[in-house]
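The figures here come from the full heavy-atom set of this structure, side chains too, leaving out hydrogens, waters and symmetry mates.
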Amino acid sequence: MRIEQSDIQKLRETPIESVAERLGLMVRKHKSLCPFHDDQRPSLIFNRTRNTYHCFVCEAHGGPIDLVMHLLNMPFADACQWLASERSIVLSCETARWKQRNDNNQRQVKRLDVGYLESLVRSPLINRPARQFLYDERRIDERVVSWLGISSISYDCPIFPMHVSPCFNGPALLIPYRDMEGKLLNIQARYLGQDKEKPRFQFPKGSTCNIFNLPVLKLLHEGEPLFITEGVTDCMAMLSAGHKAVAIPSASLLKPSEIMPLKSLNVHMFPDSDVPGEKLFFELKDLLPQLMRHDLPAGVKDFGQLWASSKSVNVNC
C-alpha cells in the first residue's frame, strides 16, 4: 500500500504527547515511564518543538508514527492507518481501497494470532482508568497485577494484526490467559468506559473457554487450598487476600482434559450470590466432588465485593 506523502506529513504533525496518551502512557511534565524497558523513573522525554520522543536509557526515539509502530508492534502502513483513524483523517483512495480489502479479509479470520496478542501485553502498561479500577475501586494488590501480566489500553485496539476492526474497546484492561508453563492462550478485554452499549468483556472471535491463572498451580504445595472463582476480578481479589486462586467462567465449556489438573487438588469456592453463581458451583461439584463450599455474608454479591469493602478477609479452610 502506498500512502501519499501529504497524508504522512499530516500524521507526523500529530502532537506526540497526545499520541502517547492515546496509547496508554501517563505523560507528566513532558515525561513518562518508557514502555520499551523496565523503567522505574520516567526516562521517556517528549520534545514538543520537534514533535518527537527519546528515551535516555534504552535510546528509543522517533515521532508519532514510530511510537505507534513500536508500541503496538505494527508495520508502517498499519500504524499510519491507526493514527489516521484516531485523528479522523481520510487517507488517499488507495488507502480506502486497502481498508475495504482489510475489512473483507478480517471476516475470514478464524484463528487467533497468539504472537500478535502477546505483543499487546509484552510490556504491560497500567493507565489511569485501569489504576482507578484496580487499585482504588477493587483494592487489588499491585504485586498481583504484575504477577498476572495485566495491561491496559486507552483507546480501541485491533484484535487481529493487519486489520482495522474488530477491536478491543478502549479504555480497557487486557487480561492474559496462560497455560501452566506461562504460554499465552488468549486475551480477555475488560471495558472500563462509560458507554453502556459496549460489552463489558470481550474475547477474540473464535476463542475457547480457558481456566484463568493456570501458572499458579505450579506454586501449590501439597494439600494447600486452591480457590476457584467465577470472575477474573474475583480471582485477583482472592490473590490479593493471600490465597492461590484460578477463575473458571463456565464449567460446561471446558474440555475434560482442562479440568484434569484440578482433580486431585484441595479446591474451595465462594459461589457468587446469584443464579449463575449457584449453577457454576453445582456444575463444578459434579466434576470435582471434593470441592468445598464457603458462603458469602448476606448482601455481598461476590468475593471481589467482599474484598473491596473490607480491610482484610479471613478464610478458614
Does the separation of the ring centres of Tyr177 and Phe203 fall below 6.0 angstrom? yes

Between the side chains of Gln5 and Asp7, does any donor sit under 3.5 Å from an acceptor? no

Would Glu118 and Arg178 count as a salt bridge (charged side-chain N to carboxylate O under 4.0 Å, His left out) if you check the C-alpha gap in whole Å, the side-chain angles of each, and the deciding distance to 0.1 Å? CA-CA 10 Å; Glu118 183 71 73; Arg178 299 185 182 276; 3.0 Å; yes

Within the 4.5 Å heavy-atom criterion, are Ile228 and Ile211 side-chain neighbours or not? no

With a distance cut-off below 6.0 Å to the six-membered ring centre and an angular limit of 45° from the axis, does Arg139 pair with Trp307 as a cation-pi contact? yes

Kindly indicate whether the side chain of His37, heavy atoms from C-beta on, has any atom under 4.5 Å from the side chain of Ser123. no

So Phe270 and Asp302, do their side chains get closer than 4.5 Å, heavy atoms only? no

Check whether Gln290 reaches the backbone of Leu265 with its side chain - one donor and one acceptor, N or O, closer than 3.5 Å. yes

Classify the angle between the aromatic ring planes of His54 and His61 as parallel (below 30°), tilted (30 to 60°) or perpendicular (above 60°). tilted

Report yes or no: does Asp156 contribute a side-chain atom to a donor-acceptor pair with the main-chain N or O of Gly170 at less than 3.5 Å? yes

To the closest 0.5 Å, what do you measure between OG (Ser18) and CZ (Phe46)? 10.0 Å

If we ignore hydrogens and angles and just use 3.5 Å, is the side chain of Ser146 paired with the main-chain N or O of Glu142 as donor and acceptor? no

Kindly indicate whether the side chain of Leu280, heavy atoms from C-beta on, has any atom under 4.5 Å from the side chain of Met269. yes

Is a side-chain donor or acceptor of Ser119 paired with a backbone partner of Tyr116 at a separation under 3.5 angstrom? yes

Is any side-chain heavy atom of Leu173 less than 4.5 Å from a side-chain heavy atom of Val232? no

For Glu13 and Gln9, what are the C-alpha separation, side-chain angles and deciding distance, and is it a side-chain hydrogen bond (donor to acceptor under 3.5 Å, both in side chains)? CA-CA 6 Å; Glu13 292 171 357; Gln9 185 58 36; 3.3 Å; yes

Give the C-alpha distance, both sets of side-chain angles, the deciding distance and a yes or no for side chain to side chain contact (heavy atoms under 4.5 Å, CB included) between Cys235 and Met238. CA-CA 5 Å; Cys235 181; Met238 187 64 75; 5.7 Å; no

Going through the checks in order, is the side-chain hydrogen bond (donor to acceptor under 3.5 Å, both in side chains) test met by Asp38 and Gln40? CA-CA 7 Å; Asp38 186 15; Gln40 302 301 318; 3.0 Å; yes

Check whether any side-chain heavy atom of Phe133 sits under 4.5 Å from a side-chain heavy atom of Ile140, and report yes or no. no

Go through the steps to decide whether Ile8 and Phe76 satisfy the test side chain to side chain contact (heavy atoms under 4.5 Å, CB included), and finish with yes or no. CA-CA 10 Å; Ile8 294 174; Phe76 179 82; 4.0 Å; yes

What's the spacing between Met292 CE and Phe227 CZ if we round to 0.5 Å? 10.0 Å

Reported CD-to-CG distance for the pair Glu258 and Leu214, which is rounded to 0.5 angstrom: 8.5 Å

Distance-only side-chain donor-acceptor flag, Ser154 / Asn127, under 3.5 Å: yes

Separation between NZ of Lys301 and CG of Asp274, rounded to the nearest 0.5 Å: 5.0 Å

For Tyr191 and Gln202: C-alpha separation, side-chain torsions, deciding distance, then whether side-chain hydrogen bond (donor to acceptor under 3.5 Å, both in side chains) applies. CA-CA 8 Å; Tyr191 179 60; Gln202 282 181 285; over 6 Å; no

Asn213 versus Trp147, side-chain donor and acceptor atoms under 3.5 Å: yes

Show, in sequence, the C-alpha distance, side-chain angles and deciding distance for Lys285 and Arg293, and conclude whether the side chain to side chain contact (heavy atoms under 4.5 Å, CB included) test is met. CA-CA 9 Å; Lys285 184 70 173 176; Arg293 179 188 181 116; over 6 Å; no

Going from NE2 on His243 to CZ on Phe303, what distance comes out if it is rounded to the nearest 0.5 angstrom? 6.0 Å

Closest contact, heavy atoms only, Ala245 versus Leu239: N-CD2, 3.7 Å

With a cut-off of 6.0 Å (strictly less than), are more than 12 heavy atoms of other residues, nucleotides or ligands near NZ of Lys31? no

Is it the case that atom NZ in Lys183 sees more than 12 heavy atoms from other parts of the structure closer than 6.0 Å? no

Please check this pair: side chain of Asp66 against backbone of Gly63, looking for a donor-acceptor N/O pair closer than 3.5 Å. yes

Does CD belonging to Glu222 count more than 12 external heavy atoms closer than 6.0 Å? no

Kindly indicate whether the side chain of Asn51, heavy atoms from C-beta on, has any atom under 4.5 Å from the side chain of Pro64. yes

Any side-chain heavy-atom pair of Arg128 and Gln132 under 4.5 Å: no

Ignoring hydrogens and geometry, is there a side-chain-to-backbone donor-acceptor pair from Thr52 to Gly62 under 3.5 Å? no

Grab the two heavy atoms, one from Ile248 and one from Ile259, that are nearest each other, plus how far apart they are. CD1-CD1, 4.3 Å

I would like to know whether Ser43 and Cys34 meet side chain to side chain contact (heavy atoms under 4.5 Å, CB included); could you show each step before the answer? CA-CA 6 Å; Ser43 60; Cys34 179; 3.8 Å; yes

Would you call Arg22 and Glu17 a salt bridge, taking side-chain N to carboxylate O under 4.0 Å as the test? no

Kindly compute the distance separating CG (Leu125) from CG (Leu120), expressed to the nearest 0.5 Å. 11.0 Å

